[in-house]
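Just below is one structure, and these are the notes that go with it.
To find a chain, count down the sequence lines: A is the first, B the second, and so on, and within it residues start at 1.
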Amino acid sequence: MFAEFGYGILVVSFIVAIYSVFAAVYGATSKSAAMVESARRSMLLMFPLISLSAAALIYLLVNNHFEVAFVYEVTSRSMPTYLKVTAWWGGQAGSLVFWSWLLAAFASAVTIRKWERDIEFLPWVIVICSTTLIFFLGMVVVFENPFTRFWLVNGNVEPHMFAPANATLFTAGDGNGLNPLLRHPGMVIHPPMLYLGFVSYVIPYAFAMAALITGRTDDRWIRLTRRWSLWAWLFLSFGLVLGGRWAYDVLGWGGYWGWDPVEIAAFMPWLTGTAFLHSVMIQEKRGLLKHWNMILVILTYALVIFGTFLTRSGVLSSVHAFANSPIGPFFMGFVTLSLVVSIALVIWRWPMLRGETEMKSMLSREALFLLNNLLFMSVLVICFWGVIFPLVSELFTGQKVTVGPPFYERATAPIFAALMFLMGVAPLSAWGHSTIQTLGRAMWKSALAAAIITAVLFATYTQNYIALIGFFLIALVLLVTFQEFWRAARARQRAQSENFLTSLTRLMGRNRRRYGGYIIHISMMLMAIGILGIEIFQKETQGSLKQGDQLDIGGYTVEYRELASWDDSGKGVNFTRATIDVYKNGIYLGELNPRIDYYFDSQQNMTIPGNRSTFRDDLYVLLVDWQPVSSMGATFKIFVNPLVNWLWIGSLLFLVGIIFAAWPDRDPAEEPVRVARKANQTSAAD
Amino acid sequence: MKKFLYTLIFTFLLGALFTGVALAQGNNPPTDDEVNAVAHKLYCPVCESTPLDVCPTEACHDWRELIRTMLAEGKTEDEIIKHFEEQYGARVLAEPPKEGFYWLVYLLPPAVILAGAVVLFRSLKEWTKPKAAAPVSGGAGGASSSSAEKDEYVTRLEEELKKQK
């Protein structure tokens, strides 16, 4: 009954979404406020409707209704309840419902805001949100129904939503269970964070399209969606970071990022989103780049849809899978259609999107931001091409190829270095105008100090020139950024006669976006330290040890003590856990317990490392294999990952920076719209 | 006697030969690290996007053992990689071989990025070209005047603070 109820509600939601699009278009074109209001109310109805359907699905998941195919695929009796709930987004059909539910929530949040000044946007925002919902709900209702049940038809078990003739309901004794890799606390929040980021980006896109359609192409849409973009970026960034940490903790390859297509799928909208965060400031400050901001927000939206499918569906894993999957063409059609329509709208409004001022100097902040955009787009081009090239190759040559980490690392490393250099220069350049002299004067002290730090590192730590270039850039950006905090706080201190700390906190409080941005720059550099450490200085070794045998790596000595294996039938898992003692320079540091968990239901292993983490390095030990009698020995793979902790510390600071920048103070929508910009009125803030 | 001597020499030589082979194998059995170094450059043909050295599946375990055997036979890294490529196709390589159609994966991104850079710099040049006829709208030039000589940032900040007082 719950399955029929859930599905029925989904169908009703789908119809309501279609109605809201028609009502909104009709209301906008015929200037009927009543119709627009009707569209708005139907939009508002979507959230409770999809919530009901989601509640039905969760009920089925939690109560072991294995007659439902989705429940059978992603849960099993031995799973704890909280994991059964999170299994909602553990499979494709459920995650599409989750996506729709989030979008309905966000769209409802948008439609209940005060619209007086922007009422002409309302119907078109509804049209975009509802059209996206129609697409996702359509996918769920027609192709990927999470409520499909198993039926016994003439001795065969077949999945159908409704009972075929002469069929009886078939209930399996137990389910397949969630992929063990997804049973990690990180996995419980990692996908929702990514999805929150993905879905939040629909809102700026909806406003951008509304601005194009209504012809209100000033920066109002940007001001209205500024916080949405920041929160979207926060969630997406948080999702990426959690994914990295999860990979480090459970994937058992000693790394955090493997340039896997699924990772890149989430990274691509982040790239355009980051470029958008920067270039949008040029439009706000200088009234320039209106076309480009439109294109960026359109690209982000398209990449969000693209990413959702790449992540879950597997339709892009091969040409064959794409051609055989019913959702493949449907999804490509939607991405293509939204791109064509959006770009057509931009072209239609092209003359209205001309810049209000002119670019004055190649070294002005806006010019440097443009360069930053070019670099982000370059990384995007590399990522996109790398992800789709296996398909292109299969299509034209019949041969599938792998485009793996060496390709991405080689291609993107110089671009990331250039981005770091820009991070060091751009905060010192002024809106409107800068010259080599002004930049040089502002930079030389930091550059000199960074060079001295690099020289010290050369003498004491490493002669690897790539690492040295990296450390120089990191030092430069950190020094320049700290100098910015210092100079501004000192200036305020002098002007206001406050103490330094008060000046600094008030200054930061008044210019949240600017200083939040600087905190993010600092955090990026901490992350870069971790990335350089693990990419350049990582050491690894593997060996089979008998009890009491030792293995040396990177100054550590690891001694195998014992191994234990036991079943936990309650959890449906067999644990095999090794105990090893760790020494450094003869001093005992403690024990580590790498283990392998074998899940009976899905018949899969999970390799959990034993990790000893310090600011200097991580000792990361994996249990690879073992003999039936533990005294005969076990095989360990051991990594020493220098500086990797800075990646996680940087990630935390990164979140602090975004939350600082995005924290609501006053409603940006209430700020007066600047019609004519005067650069000399442009505050140094932001 | 002569025949016996020949037999002895032949037996000795044969023995030496086999002992040599056995010693060569026995002295230098490939270490796990040597196997992993080769495996790291190969991608499992079954599990997508997973390098062979870290792939936990049984099939990949067998492939690593094959690498160990080939190393023990004295095969070089290149020969082993070539063997895998011939057996399972180019997809086992970490990146496409630099030949024929596959050049596209390497050439297209730099071409697009270069085109983007050209468009950007031409636009920048055009935007920054002084236009005598068109008066600068909105007084955008205010910030660019003589303030370049001063510390612009601090000046603007102080102006803002004055306004806020």
Measuring heavy-atom distances to chain B, does [X] have an atom under 4.5 Å in its side chain, in its backbone, in both, or in neither?
X: Leu375(A); answer: neither
X: Asp625(A); answer: side chain
X: Arg410(A); answer: side chain
X: Thr397(A); answer: side chain
X: Ser544(A); answer: both
X: Phe407(A); answer: both

Would you say the side-chain atoms of [X] pair up with the backbone N or O of [Y], donor to acceptor, closer than 3.5 Å?
X: Arg64(B); Y: Cys55(B); result: yes
X: Glu86(B); Y: His83(B); result: no
X: Lys41(B); Y: Glu77(B); result: no
X: Arg91(B); Y: Thr402(A); result: no
X: Tyr620(A); Y: Tyr248(A); result: yes

Atom [atom1] in [X], atom [atom2] in [Y]: separation rounded to 0.5 Å?
X: His40(B); Y: Asp33(B); atom1: NE2; atom2: CG; value: 12.5 Å
X: Arg514(A); Y: Leu507(A); atom1: CZ; atom2: CG; value: 8.5 Å
X: Arg365(A); Y: Asn372(A); atom1: CZ; atom2: CG; value: 11.5 Å

Original post:
Which atoms of Phe101(B) come close to chain A, meaning under 4.5 Å heavy atom to heavy atom: side chain ones, backbone ones, both, or neither?
Top reply: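 Backbone plus side chain of Phe101(B), per the 4.5 Å heavy-atom cut-off to chain A.
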
Subject >> Residue pair Tyr408(A) / Trp257(A), side-chain donor-acceptor N/O under 3.5 Å >> reply: no

Subject >> Check: Tyr43(B) and Leu93(B) side chains under 4.5 Å, non-hydrogen atoms >> reply: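 They are not in side-chain contact.
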
Subject >> Any Leu622(A) side-chain heavy atom under 4.5 Å of Phe639(A) side chain >> reply: yes

**OP:** Name, in order of residue number, those residues of residues 106-121 of chain B that have a heavy atom at a distance of less than 4.5 Å from a heavy atom in chain A; otherwise write 'none'.
**Re:**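 Hits under 4.5 Å: Tyr106(B), Leu108(B), Pro109(B), Val112(B), Ile113(B), Gly116(B), Ala117(B), Leu120(B), Phe121(B).
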
Subject >> is_close_aromatic(Phe369(A), Trp292(A)), centroid dist under 6.0 Å >> reply: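 Centroid separation for Phe369(A) and Trp292(A): 6.0 Å or greater.
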
Original post:
Does Arg68(B) come within less than 4.0 Å of Glu65(B), counting only side-chain N to carboxylate O?
Top reply: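 Salt bridge present between Arg68(B) and Glu65(B).
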
**OP:** Before accepting this row, confirm whether a basic side-chain N of the pair Glu498(A)/Arg492(A) lies closer than 4.0 Å to the acidic partner's carboxylate O.
**Re:** yes

Original post:
Between Arg490(A) and Gln493(A), is a side-chain contact (heavy atoms from CB on, under 4.5 Å) present by the stated rule, with each step listed?
Top reply: CA-CA 5 Å; Arg490(A) 288 281 295 167; Gln493(A) 187 188 7; 3.3 Å; yes

Between [options], the one whose heavy-atom pairs under 4.5 Å with chain A are most numerous:
options: Ser123(B), Pro97(B), Ala94(B); answer: Ala94(B)
options: Val92(B), Val35(B), Asp53(B); answer: Asp53(B)
options: Ala90(B), Pro96(B), Gly100(B); answer: Pro96(B)

Subject >> Pick from Trp259(A), Phe389(A), Phe396(A) with the largest number of heavy-atom pairs that fall under 4.5 Å of chain B >> reply: Phe389(A)

Original post:
What are the residues of residues 376-384 of chain A, in order of number, with any heavy atom under 4.5 angstrom from a heavy atom of chain B?
Top reply: Ser378(A), Val381(A), Ile382(A)

